[in-house]
Every structure is written in C-alpha cells, then in structure tokens.
Amino acid sequence: MNRETALACRTWAFEEAKKVLARVTKTPPKKGYVVFETGYGPSGLPHIGTFGEVCRTSMVQLAFRQISDIPSKIIAFSDDMDGLRKVPSNVPNPQILEENMGKALTSIPDPYGKYESFAHHNNAKLREFLDSFGFEYEFLSSTECYKSGRFNDTLLKMLQNYDKVTKCVLPLLGEERKATYSPFLPVSPKSGRVLQVPLKEVKPESGTIVFEDEDGTLTELPVTDGNVKMQWRPDWALRWVALDVDYEMAGTDLRSSADVAKQIVRVLGGTPPEGFHYELFLDEKGEKISKSKGNGLTMEEWLHYAPAESLAYYLFQRPTAGKKLYFDVIPKAVDEYIAAIEKLPTEDDAAKLNNPAWYIHNGTLPNDKHTPVNFALLLNLASASNAHSKETMWGFIKLYKPDATPENSPFLDQLVGFAVRYYENFVLPTKKYRAADDRERAALTALVTKLKALPKNADNETIQTEVFSAGKENGYPKEELRSWFQAIYEVLIGQSQGPRFGSFVALYGIDKSIALIESGLRGDFVNKQAA
RNA sequence: GACAGCUUAGCUCAGCCGGUAGAGCACGUGACUUUUAAUCAUGUGGCCCCGGGUUCGAAUCCCGGAGCUGUCACCA
C-alpha cells in the first residue's frame, strides 16, 4: 500500500491513525512501539461493547500500519483488581460472591470452580471471546501490574501529587462522595477488601498512606506493590502513564471521566493518549439499550442470525453516530458486507481504503467469503418455503444458481443456516393456519389423488401442472386460480404467500407433501394452533 | 443546566477538506413463470430541519435557532 494513498484516506479509522502518527512524530515513543489500549471490566462477561471497542481499535491499528513503520500493539487491559460491588445475576453459587463482597475480583474464589479466581474465569472468557474473532492483542491483568511493581513509579508520582490529582476528580463528584473521596483505595490487610475510606494521612516521603481499617485500627500501607488500588478515574490515568498508552477510545458516557483522567496524566507530566468517543447503541425507538430493560439486541442474538463479519461491518459505520441496534439492521448489514466483499478485488488501493471489507479482513482479500446469493433473498426463501433444514434451502437455491453447492460456497452455506434460524424464530411463530372450506377441500383431495398417481421422480413442471389442474377441475376458473394457490399456503403452510408449489413438492418429497395435505385436510394444523 | 450526537426520498440511512442530490427497502410499470414468492429491467418520489453569513457556487464551511436522543449521584 502506497503511503501517500493511505495518508489521503479520510475514513474515521485513518483520521484516528493520523492523530496517533502526529503524536509519535512529535515525541517518538521511548518504548519503541505504539500502544493501543482497550479496557475491560471483568465483573461480567464480554458483550457487544467489548467486541466493538476491540474491533474498532484494531481498525485504527490497521490504518496506522499503513502510514507508519513504527510497530504497535493492542493491549486488552482487565480491571481485575476492582472490588466486587454487586453480585451478577447470571453466576452459579452466588453465595461465594456474597461472602466475598468488596474484595478484589482476583481474590475471590471462582464460583464456576474452574479457575483460581472469579476474575481469572472472566478473563479467560474474555480471551476466549477475543480469540474466537482472531483479534491480536496482549492481555494485561491489573492485579499483576499492581503486584509486580510495574505501576510502582507512577503510583509514587500519584502520591506526590495527591492534592492535585484529587482536585482533578472532585468537580465530577456529588457532595456526599466529595467528603470521603480519595484517589487511593487501600486493600485491607485483614479482610482483603478494597476500601473506600478517607485517608488520615498521606506520606509522599515514605510512599505510604494511613487510614482506618474496617475494625477501627489505624493502618499504614505503602501505595506500591498492590497494597493499594487507585479509584477508577486516576486508575485510568495511572495505566496511561505507566504503560505509556498512545491511543484509547471510549464511549461517550465516559467522556467527562476520560477528560479528568487526561488532566491527571498532565499533572504527572505525561501526554494523554489520543482517542475519540463513540456513541452508544440505541434500540429501535432510538432509546438507550440497557440490560435491565432488555431492549435492543445482544451480541449473541446478532451472531445467532448472522456472521461476525456483518457485525464488524455495522461497527465500522460512523462510530460517532448513535446506532440503532435491532433485528432489522442485520440483513442489511449482511448484504452490504457481501456487496463490499464482492467489490473489493476490483478496486484500486484508494478505493479499497474506503471499503469496509478491507478493514474487516485486516487489509487482506479473503477468498472464502464469496456468495452468489444475498441474505435478503435467503430470508425470503426460508419464510416462503417452510424451510426447516439447510437441505431444503439448497434445493431451492439450486433452482436459481445451479452451480452453487455447499462445498463450493461455504459462506453461502453458513448464511443458509442463519436464514433457517431466522425463519424458525421469527416467521414460524407468526404463522396462522386456517381450515379449508368445501371448495378447497375438494381441490386438495383431488390433488392428493393426482400426486399419488405420479411417479416418485416427477419433476417440478409435471407436478405444477397437476396442482394447476386440481384447482381447475374443482371449481376454480382461470381468474380465481390465484386464490386456489393462496388457499394452499394458508391451509398447509400458515402463510398467504409461498413458493412455486410444484417446486416445493418436488423438493419436499411427494410422499411427505401428500401427508402434509392430508394433515391439513384433517385440520391438524388448526388444532395444534388452538392448543 | 452543561456537554455530545442526530435531523437528507414514505422507511432505514449514505454522501459532507463546496461544484447539477444517492443506495436499500417500500411503491408503480414491464419481462419471465400455467398462481404466488423470488429473479431481472425500469420508473415515481427530496424547500438535504429553520434563519442568516462566507462564496461565482453551500446538504457540505461559519454564526444563530428549533426538534429528537443520549451522557453528566454512587459503582466501574
């Protein structure tokens, strides 16, 4: 990739990368590489926000690689020394967590019983999650950073600037909290809990703080080596300085806190990282997605109905705009991704840099994402054809694209699986069967007779002809044939529209189709629906 | 109240370092099909939120305003 071309690109990812380039051009990083950080709170499991942040940060890193030779890495930082404040609802053995309230997450036994601590469990889940998408990153544990002494120098600097640091945070706090606020949270040597207590004394010269422990004893602890954790805003600044972070993006909800953290970095004589604030996800009505309300889509739901690449595509689109995240955006994202991927090989470098697919595939041309059929078509096909299996779907696909097979179009095969799920979860529940009236009953009965007379391997057209004549011979004049077919769908499939019925029978199987019609005549579907 | 984002076709949105307004869906028409769905072709449809400014020229830049949405206790 030509550097000039890359520098001319104006997508948000390149604009971000250029900010980083300007930063390291001004003061080259002493560590010899550029650090992109993403943060993660391990009291819960990874979710779409986690994915979005790492995904987007990776895109900025990719852009940066096009405009600079300085090596770079992404750090996934886990805040696993935070005290546990709330027992998550979806965890087994909640009493274990209950008993360890307030302790650092890495000091609490794993309620799943698999890892050495609750945080280790959640960290493992995070890594598993990130790895499953192929992200490249270096994992860092807050606890390890504190305990190993990696943060010591910066912690001492924080202590020397205790008043200034505190002053940065105070304007953001409510009156009550202001009174007791301290940027340092001592870990009680007795209970192991991370304490939110006012400090009795701050001793920069000895590198210690004095506070009243839970049992009332006056205790003095060094701020170094994991004896003390920093409250989250200074904590953020702490690792920006200690790890010399060059870039970190954050949601707009953290804007003011990020600004405070930046101030603290300056107090310590550092340069705050570059970064921008992405907007939060909204639901269909433009309201904020929250777990308690249960509105909007979860990451699992998205991945249940569409490939991860489509989600990455969606996340690439204007991160600074609030994005509505609900089911209907998925098919569009999938199809736009498909269109992008099809276009990519034909584009010159400048155009590639404007193509989301380039970012999604880390600047490479994937050769296994081709599909001759788009997702919208598959969704329609699944609903129309009553498809419960990929095989049925493939039968219909072959009518349109005779050359396509699951073997030569694995990505399409994957999409077919998603379309079937969509059908089963969204369309099936809305089906409304009705009973056949007398004319329909006569025609359907005639159809059964005709189908029984056909050879097992009769083709679409032959069957279609029989369907047609069954209607014609049983009271449907030519101009009413439309309602004959409509009746077939309403009685047998529970929809007013369906596939070409001859094709349907050929694929579904003549015997099975006969059984289906007989069930319909008996009223099985209507009864089942009533029950 | 402070700050941020959004406001462009019926819907969802793209475009924005200024140069005759775009896509998908929906809708209309046609082709194909012994019905429908699908597919293909084609078409209708915009005071680009309002007002001002800069400019030969503004959806795009600047100023002012309106509406919608979000964030701003504690915790992280």
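Quick note on labels: first sequence line is chain A, next is B, and so on, each numbered from 1. This one's a predicted model, so the numbers in the text were calculated from it and none came from an experiment.
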Sidechain-backbone polar pair: A:Asp79 side chain, A:Asp82 backbone, donor-acceptor under 3.5 Å: no

Whole-Å distance between [N] [atom2] and [X] [atom1]?
X        : N     : atom1 : atom2 : result
A:Trp232 : B:C72 : CH2   : C1'   : 11 Å
A:Gln317 : B:U12 : CD    : C1'   : 12 Å
A:Glu15  : B:C17 : CD    : C1'   : 9 Å
A:Asp253 : B:U69 : CG    : P     : 19 Å
A:Lys324 : B:C25 : NZ    : P     : 20 Å
A:Lys323 : B:C13 : NZ    : P     : 8 Å
A:Arg255 : B:U69 : CZ    : C1'   : 16 Å
A:Leu173 : B:A73 : CG    : P     : 9 Å

Between [options], spot the one nearest the side chain of [X], thanks.
X        : options             : value
A:Leu185 : B:U12, B:C74, B:A76 : B:A76
A:Asp79  : B:U34, B:A76, B:U12 : B:A76
A:Gln464 : B:C74, B:U12, B:U35 : B:U35

B:U34 base stacked by A:Phe468 (centroids within less than 5.5 Å, tilt under 30°): no

Quote, to the nearest angstrom, the [atom1] distance that separates [N] from [M].
N     : M     : atom1 : answer
B:U42 : B:G22 : P     : 16 Å
B:C72 : B:C62 : C1'   : 29 Å
B:A41 : B:A23 : P     : 14 Å
B:A9  : B:G45 : C1'   : 6 Å
B:C11 : B:A2  : P     : 32 Å
B:A38 : B:G28 : P     : 12 Å
B:A14 : B:A73 : C1'   : 39 Å
B:G24 : B:U39 : P     : 13 Å

Check every strand shown and say whether [X] touches a base, only sugar-phosphate, or nothing at a heavy-atom separation below 4.0 Å.
X        : value
A:Gly322 : sugar-phosphate
A:Gln196 : sugar-phosphate
A:Ser469 : nothing
A:Thr320 : sugar-phosphate

Upstream residue (5' side of RNA chain B) when A:Ala8 and A:Arg177 are each assigned their closest nucleotide: A:Ala8

Pairwise 5' ranking along RNA chain B for A:Asn374 and A:Glu336, keeping only the more 5' one: A:Glu336

Which nucleotide, if any, forms a Watson-Crick or G-U wobble pair with [N], using both distances under 3.5 Å?
N     : answer
B:G70 : B:C3
B:C32 : none
B:U55 : none
B:C11 : B:G24
B:G18 : none
B:C49 : B:G65
B:U60 : none

Is [X] close enough to [N] that one of its side-chain N or O atoms is under 4.0 Å from OP1 or OP2 there?
X        : N     : result
A:Gln231 : B:A76 : yes
A:Lys86  : B:C74 : no
A:Arg318 : B:C13 : no
A:Arg10  : B:C17 : yes

Nearest heavy atoms of A:Asn374 and A:Ile338, plus distance in Å: CA-CD1, 4.3 Å

Aromatic ring pairing A:Phe151/A:Tyr146, orientation class (parallel under 30°, perpendicular over 60°, tilted between): perpendicular

Whether A:Trp236 and A:Trp240 hold their rings parallel, tilted or perpendicular, with breakpoints at 30° and 60°: tilted

Ring centers of A:Tyr359, A:Phe316 separated by less than 6.0 Å: yes

A:Arg127 charged N/C atom sitting above A:Phe139 aromatic ring, 6.0 Å / 45°: yes

Cation-aromatic face contact A:Lys323/A:Tyr314, 6.0 Å, 45 degrees: yes

Side-chain donor/acceptor contact of A:Thr252 with base of B:U71 under 3.5 Å: no

Polar contact flag, side-chain donor to acceptor under 3.5 angstrom, A:Asn474-A:Trp484: no

